[in-house]
Amino acid sequence: MTDSAKPTLLVVDGHSLAYRAFFALPVDNFSTKDGQHTNGIYGFLSMFVNLVKAEKPTHLAVAFDTSRQSFRTREYAEYKANRSESPAEFKGQIPLLQECLQAMNVRVLTKEDVEADDILATLATQGAALGYDVLVCSGDRDTIQLVTDDVTLLYPNVQGVSQLKRYTPDAVVEKYGLPPEKYPDIAALVGETSDNLPGVPKVGEKTAVKWLTQYGSLDELLTRADEIKGVVGGNLREHIDGVRRNRALNTLLRDVELEVGPADLEVQPIDPEAVRDIFSRLEFRTLLPRVFDAMGADPAETPARPGATAPTATEPDPAQLAAWVAAAGGEVGVTLVLQGGLPVRIGLATADAAVETAWTEEAAAALRPWLEGDAPKVLTDAKPQVKALRRAGAHLGGLAFDTLLAGWLLRPSLPDKNLADLVGRYLDETLPEADPTQLVPETEGATPGQLSWYTLRVAAALRAELPESVAGVLADIELPTLDTLADMELAGVAVSHEKLSTFSAELAARADAIAQQAYATIEREVNLGSPKQLQEVLFDQLQLPKTRKTKTGYSTDAAVLADLQETNPHPFLDLLLQHREAMKLRQIIESLDVAIAADGRIRTTYLQTGSQTGRLSSTDPNLQNIPIRNEESSRIRAAFEVGAGYETLLTADYSQIEMRIMAHLSGDPGLVEAFNSGEDLHRFVGARVFGVEPADVTPAMRTKVKAMSYGLVYGLSAFGLSKQLRIEQTEAKQLMMEYFARFGAVRDYLRSSVEQARIDGFTETIFGRRRPFPDLSSPNRVLRENAERAALNAPIQGSAADIMKIALFRIHGEFAAEQLASRVLLQIHDELVVEVAPGEWDAVERIVRSRMGDAAELTVPLDVQIGRGADWNEAGH
DNA sequence: TAATCTACGTA
DNA sequence: CGTACGTAGATTAT
């Protein structure tokens, strides 16, 4: 009980523990997709949060070495000289670890010319003198000398850093047979190979302890060294200078001048946003809640700041509600609580008041004029709410702001997915949420009215940060698109269960037959879906040459198998490829089949914040990756049919939209001419590159320039081009040179756009959508070059996405304005699928063609291809 | 059971 | 050593 009042100071040697973690965890298992290794950081932080959670220090610091040089190396040049350079994979991790600790508001201490352990020694000594309980955590055995009744050492076990052994004075005596202050004497005699401090040959711990016990002290032992008999006695006398030197060097400094003392190290609340940022960069997910938990980011302990208490929502009757919204004036936050896709409750808020009510017929009727009118409304994740209102027969008008969309536009790489995330990031507060694991939650969740109030405040914070151009993208592109997507999702697309199930059964039978044949060729049965078992078959049993390395072994992907088939033909390879193809198709068909609703339609969800470039993504099921490339897949597309009550499907796609954007942005005269000439793009480019007439461009030439043109948009290298075209790198290089000799402005544009992004820190589309690229100035080459390719692509892919969205909502709007029953069903990046009502084909075709064609004013035309058919396969031709 | 890896479908 | 996605099954970590 007396100890509860006593402050606890925890000081940690960051470098030594991170280094141990580095070796304890497999480096290959811990790296970001960009190639940054993180095993040392992860291992350290994992240990660190456990430690903090278990020990609950009141004061905390982590010390690091500044370099390998210190006063010890100056006094003894050989000190640690045998240490090999720490691995390159480890080096970069220390600054990132320090960044993590800073985000957690943990004091990071360094001092020129001394080692981290000297800082620990100084703080431990000062802390003990001030009456603290001191915990020292280090992987360096020399810190044993710091142990006293007030100072406990936590020392990692051999395995790694997860288990820490507690060294109290008793534990030291038990382990070494002498009290902690004598440990440096033992170490001086035994030596420390890792520090390049040789000890007395043939003297280990046992002998050292025996001597020290016998003579009482190291000094006494050394002065009476001649009393010791035998070889070891001689060894001792020969190495007396070395022992004295060891003893001098292994004494930790307890009087290092530091800018802070123990009292300055009080534990601070973490910076949640900074921690989220750095952890998401390092791709730590499971660690995040552990850090929040251990570092006391508990909502109960960090109450919302003063002035941030949500108003208590009142529950006016419907008539009062109508009066309330009429009087509200400015923007109103709106939150609909949904159940089964329908609204059950609605909460509204202004800056200082909140109201809410059950979604009854009376309430809906009272609110409808306001809800459907132009009065400005602010929501978080409006799309599901807009859909629910549609199902309930209402329409949301005046959508002025969606915080989720705005947050994504501002930081498209972040995983913020709900109001709670946004409140944390932009208000630095915690959204009150009921604990879903408790039947009777201790903490009340925010009510719908209060959620609306938070939404309004988040919106204000976002607006303050939103650059004008990005605000324009929100208002002029994203919000109109949201409304369109809601209708598309509600409509769904008719899919024939009969067609799918017939095909699925066929494929299952085929896959089975292929598998049997494959087993026969290798005379055993394996799981053809297991990369691990396949590696055994290919590289052990069949002794095929090893392929491209992956994290866990050797690749068995389609490209690799095709290569193997050429160099080392084996029937198994081809059968495996056929099996994969059949299984993949079957799997896609199955996932579609189970998604067909009772009315025969599939409804996807478009994620409007699902990409970093501005594209949509589609999920549950993904209707943006339905196969098209081979013969078989046309049968899948044929299952997407025109629905009952409609006449036909229309498909409309932009041809080469990304190359057209490139022509526009670069202003390259050759490329612009190509698109204005009406000639086939690749034929035109091929003619220029190879110096022949367009009519004389061979298919091989066309293939090459086509790959080159598309590759450009992705930052393709000569290496990549040679691999894709299966040509020599020199030929690929030659091709690129010829290409740029004719279309030089393209290269100039790509280069300058990346350079501009490096200066600005972000890229921008034609319409002002931004994407940040902090890694463009990273010293890490892998990181930087990855960012460069992404930055090169972002304005092009993003502008295409902008153009398609603009076309999409304008088409949607025009269908409504002309009171057409036809409706857009699908968007696949550069293609739209429209369900055309009887008698509306001409109007629909006109609208789609013109709105897609004039969605943007470029220096080259936007070419639109239209197809018509009873199913998606037919319409796509 | 949850996270990760490999493979593969689309633009 | 080519951008942007989502999904499934196997494997590994917990």
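When the P atom of C:dT11 is taken as reference, atom CD of A:Q535 falls 10 Å away, rounded to whole Å. As rounded to whole Å, 17 Å separates atom P of B:dG9 from atom CD of A:E590. Counting to the nearest Å, the P atom of B:dT6 and the CG atom of A:N527 are 17 Å from each other. Put simply, CG on A:L528 is 11 Å from P on C:dA10, counting in whole angstrom units. One can place CD1 of A:I628 at 12 Å from C1' of B:dG9, the figure rounded to the nearest angstrom. One atom, CG of A:L577, and another, P of B:dG9, lie 10 Å apart when rounded to the nearest Å. Distance A:L585 CG to B:dT10 P: 9 Å, rounded to the nearest Å. Rounded to a whole Å, the NZ atom of A:K551 is 18 Å from the P atom of C:dT11.
Side-chain atoms of A:E478 and A:Q608 include a donor-acceptor pair closer than 3.5 Å. Side chain to side chain, A:Q865 and A:D863 meet the donor-acceptor criterion of an N or O pair below 3.5 Å.
Using the six-membered ring where Trp is involved, A:F572 and A:H570 have ring planes that are perpendicular, over 60° apart on the 30 and 60° scheme. Taking the six-membered ring where the residue is Trp, A:F279 and A:F284 present perpendicular rings, their angle passing 60° and hence far from 30°.
Geometrically, A:R771 does not engage A:F762 in a cation-pi contact defined by less than 6.0 Å to the ring centre and at most 45° from the axis.
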Go along nucleotides 1-6 of chain C 5' to 3' and tag each nucleotide: B for a protein heavy atom under 4.0 Å from its base, S when only backbone or sugar atoms are that close, - otherwise.
BBBBSS
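Residue-level contact check: A:R629 touches the bases, meaning some heavy atom is under 4.0 Å from a base atom.
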Applying side-chain contact (heavy atoms from CB on, under 4.5 Å) to A:I626 and A:W872, what does each step give before you reach the verdict?
CA-CA 11 Å; A:I626 304 303; A:W872 196 3; 4.0 Å; yes
